[in-house]
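Worth knowing before you read on, the calculation uses all heavy atoms, side chains too, and leaves out hydrogens, waters and symmetry mates.
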Amino acid sequence: MSLLNDINTLKIIKFGVGTLTKITLNDFKESYFYKNELIQLCREYHLPVYGTKAELSHYVYLYLSGVPAGKIKVYRTTQLSRL
């Protein structure tokens, strides 16, 4: 399986020191990630890097589903409190 041909494969992800693993959409859905790991993934693939853990997971999920990184926007909108 070629990484270029599999749209559901996130190129190469670094886990730990010197460990390289490729991940598919199914692997992502079945794995547990800490928030700091999700932030690292988002930074590496130019996705939004702030928000809740669920929001960060959603960004990576969209990317693995084939949505280009440039089309993934911040999920949360800020609300200004009114006095």
Side-chain angles (χ1 to χ4, degrees):
M1 171 173 61
S2 170
L3 293 178
L4 296 175
N5 294 332
D6 186 3
I7 197 166
N8 293 330
T9 301
L10 184 64
K11 301 171 187 170
I12 299 290
I13 301 172
K14 300 172 191 169
F15 290 107
V17 178
T19 306
L20 294 177
T21 306
K22 66 181 176 180
I23 187 170
T24 63
L25 182 58
N26 284 337
D27 292 338
F28 181 75
K29 290 193 289 188
E30 294 174 2
S31 299
Y32 181 85
F33 292 91
Y34 291 103
K35 185 175 178 179
N36 60 353
E37 293 171 324
L38 292 170
I39 290 170
Q40 179 184 357
L41 289 174
C42 289
R43 278 194 182 126
E44 187 165 337
Y45 295 101
H46 309 288
L47 303 172
V49 295
Y50 58 91
T52 64
K53 183 179 173 190
E55 290 167 335
L56 296 171
S57 293
H58 183 69
Y59 304 146
V60 175
Y61 178 85
L62 289 174
Y63 184 75
L64 288 171
S65 297
V67 178
K71 300 253 182 202
I72 299 173
K73 302 297 179 196
V74 176
Y75 184 71
R76 180 189 312 196
T77 59
T78 58
Q79 295 179 352
L80 298 174
S81 60
R82 295 181 184 197
L83 298 176

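Within the 4.5 Å cutoff, the side chain of Leu64 has no heavy atoms near those of the Thr24 side chain.
The nearest pair of heavy atoms linking Pro48 to Lys73 is CG-C, 4.0 Å. Residues Ile39 and Val49 share a closest heavy-atom pair of CG1-O, 3.9 Å.
Under the salt bridge (charged side-chain N to carboxylate O under 4.0 Å, His left out) criterion, no residue pair touches residues 57-66, with sequence neighbours excluded. The salt bridge (charged side-chain N to carboxylate O under 4.0 Å, His left out) pairs that include a residue from residues 47-60 are Glu55-Arg76, where partners are two or more places apart or lie in different chains.
Between the NZ atom in Lys29 and the CG atom in Leu25 there is a gap of 5.0 Å [rounded to 0.5 Å]. Tyr63 contributes atom OH, which lies 14.5 Å from atom NZ of Lys71 (distance to the nearest 0.5 angstrom). Here the straight-line distance linking atom CG of Leu56 with atom CD of Gln40 works out to 12.5 Å at 0.5 Å rounding.
Residues passing the side chain to side chain contact (heavy atoms under 4.5 Å, CB included) test with Leu62, sequence neighbours excluded: His58, Val67, Ile72.
Between the side chain of Glu44 and the backbone N or O of Leu41 there is no donor-acceptor pair closer than 3.5 Å.
Linking ILVMFWY side-chain heavy atoms closer than 4.5 Å, directly or via other members, places Tyr50 and Leu47 in a single hydrophobic cluster.
No close placement of the Tyr59 and Tyr45 rings is indicated, their centers lying 6.0 Å or farther apart.
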Legend entry - Stepwise side-chain contact (heavy atoms from CB on, under 4.5 Å) test for Phe28 and Ser57: CA-CA 9 Å; Phe28 181 75; Ser57 293; 4.3 Å; yes

